[in-house]
Amino acid sequence: MPELAEVELARRLWDVGRGGVIESLSTSPKVRVFRGVDLRAFERALVGSVLLSSAAHGKQMLFRFGPAPDAPPHAHMGLHLGMQGDLLVAEPGAPEPWERGKHDHLVLHQRGGRKLVFRDTRHFGRVLFHPGAEDPAWWRDLPPNLLSGEFTTKALGAFLTRRKRAPLKAVLLMQERFPGIGNWMADEILWRAGLHPETPAGSLDPAEVADLWRTVRRVTRDAVRVISPDWKYPDSWLFPHRWEDGGKCPRCRGGLVRETVGGRTTCWCPACQPRRLS
DNA sequence: ATTCTTGTTGCATC
DNA sequence: AGATGCAACAAGAA
């Protein structure tokens, strides 16, 4: 379920490998996750180098590699987990905590035996490669983080106006404005804001835009705050109820509804999120 | 066997 | 031109 908080958790998992020399790579060259990557150049740049640092922005991750722990980077790798991708670590000596998978498309073998694994059964994820010392363009050009000062009510209002006829559910999934929001966060936001998922984006008044802005920030902050390796979503959120058949709204105890909106399965509470008269 | 899926992109249509 | 909607991508689960 890789949305922004899960992506941050996955990124952090590989922190244990920072400073370690990469002795070799295992890749599945023909798998779609490597589309557009020059694998020979990628391997040449990474083998013998050290994992220096990493960062996550929305659903995108960046890993920096250099010739030595205290040297500047000379190569960058981007990872996107797609629908089902995940990062794993296998410590040396210990039996691998998972069955050796045919979907482990990228394994960084570090000196000493630790393995950093990118697994993706559905191949919707993506590996990006950028040789060079500077952060790549695809990283620099990402839209402002939802918790940054650049994500303002004004920016939100302008975007909703531009997408005025699209349903709010579809608009919240647009990464160009809401980096890191996925299906569950979009449903959570609309539920907390009391907005029906099919509400046309352009129909909110200024007070509703401000309220939606606060809700986006609150759900984002809560998601980032609650994650840990053994995290669990509070029962007071919509999240743990949205896939249950006969699930009940944690606020009003009424029955939840599940239908496709904006091309995606969407869950909402008809009582708390009434459809507007248009 | 058929239908479903937590994401993104490219294309057709308005 | 820009906005919108949808099929396609791949694999496994129910």
Side-chain angles (χ1 to χ4, degrees), chain A residues 1-11 28-37 56-61 78-87 98-106 118-128 138-139 141-143 146 157-191 197-203 219-220 222-224 226-227 231-233 237-247 256-268 278:
Chain A
M1 41 181 86
E3 299 181 23
L4 83 188
E6 294 96 336
V7 170
E8 171 61 16
L9 192 62
R11 179 196 69 78
S28 318
K30 281 184 277 193
V31 168
R32 228 174 69 99
V33 299
F34 289 110
R35 60 197 179 277
V37 173
H57 186 125
K59 298 174 189 171
Q60 185 65 48
M61 286 179 276
L79 282 182
H80 191 296
L81 298 175
M83 286 267 228
Q84 297 275 298
D86 202 8
L87 301 189
W98 61 84
E99 200 177 325
R100 178 167 176 75
K102 60 176 175 175
H103 297 297
D104 297 349
H105 302 310
L106 173 66
F118 167 48
R119 169 179 295 182
D120 183 8
T121 53
R122 286 177 69 186
H123 305 193
F124 278 39
R126 186 156 204 177
V127 177
L128 298 172
W138 46 257
W139 177 257
D141 296 343
L142 289 168
L146 296 172
F159 192 73
L160 295 177
T161 299
R162 183 146 74 86
R163 306 293 190 168
K164 59 188 170 197
R165 317 228 356 220
L168 278 177
K169 171 61 184 270
V171 171
L172 285 173
L173 292 174
M174 294 179 180
Q175 302 298 297
E176 64 192 278
R177 184 77 272 172
F178 305 102
I181 290 188
N183 208 22
W184 83 254
M185 284 186 72
D187 284 358
E188 192 76 31
I189 289 163
L190 292 171
W191 175 72
E198 288 181 312
T199 308
S203 69
V219 170
T220 302
D222 285 353
V224 171
V226 78
I227 61 159
W231 68 325
K232 185 177 175 304
Y233 296 84
W237 294 16
L238 176 65
F239 182 88
H241 311 283
R242 59 196 291 277
W243 290 123
E244 299 172 336
D245 284 327
L256 297 170
V257 168
R258 241 175 7 234
E259 279 174 35
T260 298
V261 177
R264 306 297 300 281
T265 302
T266 299
C267 176
W268 73 94
S278 59

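In this text the structure is predicted, and so the values were computed from the model without any measurement. Chain A is the first sequence line, chain B the second, and so forth, proteins listed ahead of strands; every chain is numbered from 1.
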(message) Please confirm whether the shortest side-chain N or O distance from Gln175(A) to OP1 or OP2 of dT8(B) is below 4.0 Å.
(response) yes
(request) Give a yes/no answer on whether the side chain of Lys164(A) brings an N or O atom under 4.0 Å of OP1 or OP2 in dA3(C). (result) no
(message) Nearest whole Å is fine: how far is dA3(C) P from Phe159(A) CZ?
(response) 9 Å
(request) For Phe178(A) and dT8(B), give me the distance from atom CZ to atom C1', rounded to whole Å. (result) 17 Å
(request) Nearest whole angstrom, please: distance from the C1' of dG7(B) to the CG of Asn183(A). (result) 9 Å
(message) Just to be sure I follow the notation: if a pair is Watson-Crick (purine N1 to pyrimidine N3 plus N6-O4 or O6-N4) or a G-U wobble (N1-O2 and O6-N3), each under 3.5 Å, what dot-bracket string does DNA chain C give, with | for pairs to another strand?
(response) .||||||||.||||
(message) Rounded at 0.5 Å granularity, tell me how far CZ in Arg162(A) sits from CE in Met174(A).
(response) 8.5 Å
(message) In this structure, how many angstroms lie between the C1' atom of dT8(B) and the CD atom of Glu3(A), rounded?
(response) 14 Å
(request) Among Leu238(A), Ile189(A), Leu146(A), find the residue that satisfies the side chain to side chain contact (heavy atoms under 4.5 Å, CB included) test when tested with Val219(A). (result) Ile189(A)
(request) Could you tell me whether Arg163(A) contacts a base, only the sugar-phosphate backbone, or nothing, with contacts defined as non-hydrogen atoms closer than 4.0 Å? (result) base
(message) Measuring from atom CG of Leu87(A) to atom CG of Leu9(A), what distance do you get when rounded to the nearest 0.5 angstrom?
(response) 9.5 Å
(request) May I ask you to verify if any side-chain N or O of Arg264(A) is less than 4.0 angstrom from the OP1 or OP2 atom of dT5(B)? (result) no
(request) Send over the distance from Arg126(A) CZ to dT9(B) P, rounded to a whole Å. (result) 7 Å
(message) Mind checking if Gly182(A) touches a base, just sugar-phosphate, or nothing, with heavy atoms under 4.0 Å?
(response) sugar-phosphate
(message) How many whole angstroms separate atom CG of Asp245(A) from atom P of dA14(C)?
(response) 13 Å
(message) Under a 3.5 Å distance rule, please check whether Glu3(A) uses its side chain to pair with a backbone N or O of Gly182(A) as donor and acceptor.
(response) yes
(message) Rounded to the nearest 0.5 Å, what separates atom OH in Tyr233(A) from atom CZ in Arg242(A)?
(response) 9.5 Å
Polar atoms only, N or O, under 3.5 Å: list the protein pairs with nucleotides 10-12 of chain C and their distances.
from	atom 1	to	atom 2	distance (Å)
dA10(C)	O4'	Arg122(A)	O	3.2
dA10(C)	O3'	His123(A)	ND1	3.3
dA10(C)	N1	Arg122(A)	NE	2.8
dA10(C)	N1	Arg122(A)	NH2	2.3
dA10(C)	N3	Arg122(A)	NE	3.2
dA11(C)	O3'	His103(A)	NE2	3.3
dG12(C)	OP1	Lys102(A)	NZ	3.4
dG12(C)	OP1	His103(A)	NE2	2.9

(request) First locate atom CD of Glu6(A), then atom CG of Leu81(A), and finally report the distance between them rounded to the nearest 0.5 Å. (result) 9.5 Å
(request) Considering only atom P, compute the distance from dC11(B) to dA10(C) and round it to an integer number of Å. (result) 16 Å
(request) Would you mind telling me which of dG7(B), dT4(C), dT5(B) lies closest to the side-chain atoms of Thr265(A)? (result) dT5(B)
(request) Could you walk me through whether Val127(A) and Leu79(A) pass side-chain contact (heavy atoms from CB on, under 4.5 Å), step by step? (result) CA-CA 5 Å; Val127(A) 177; Leu79(A) 282 182; 3.7 Å; yes
(request) Could you state the atom-to-atom distance from CG of Leu168(A) to P of dA3(C) in whole Å? (result) 16 Å
(message) With a 4.0 Å limit, can you tell me whether His80(A) has a side-chain N or O closer than that to the phosphate oxygens OP1/OP2 of dT8(B)?
(response) yes
(request) For His103(A) and His123(A), run side-chain contact (heavy atoms from CB on, under 4.5 Å): C-alpha distance rounded to whole Å, both residues' side-chain angles, the deciding distance at 0.1 Å, then the answer. (result) CA-CA 8 Å; His103(A) 297 297; His123(A) 305 193; 3.4 Å; yes
(message) With side chain to side chain contact (heavy atoms under 4.5 Å, CB included) as the test, pick out the partner of Met185(A) among Ile181(A), Asp187(A), Asn183(A).
(response) Ile181(A)
(request) Round to a whole Å and report the spacing from CD1 of Ile181(A) to P of dG7(B). (result) 11 Å
(request) Any chance you could measure Asp245(A), atom CG, to Arg258(A), atom CZ, to the nearest 0.5 Å? (result) 5.0 Å
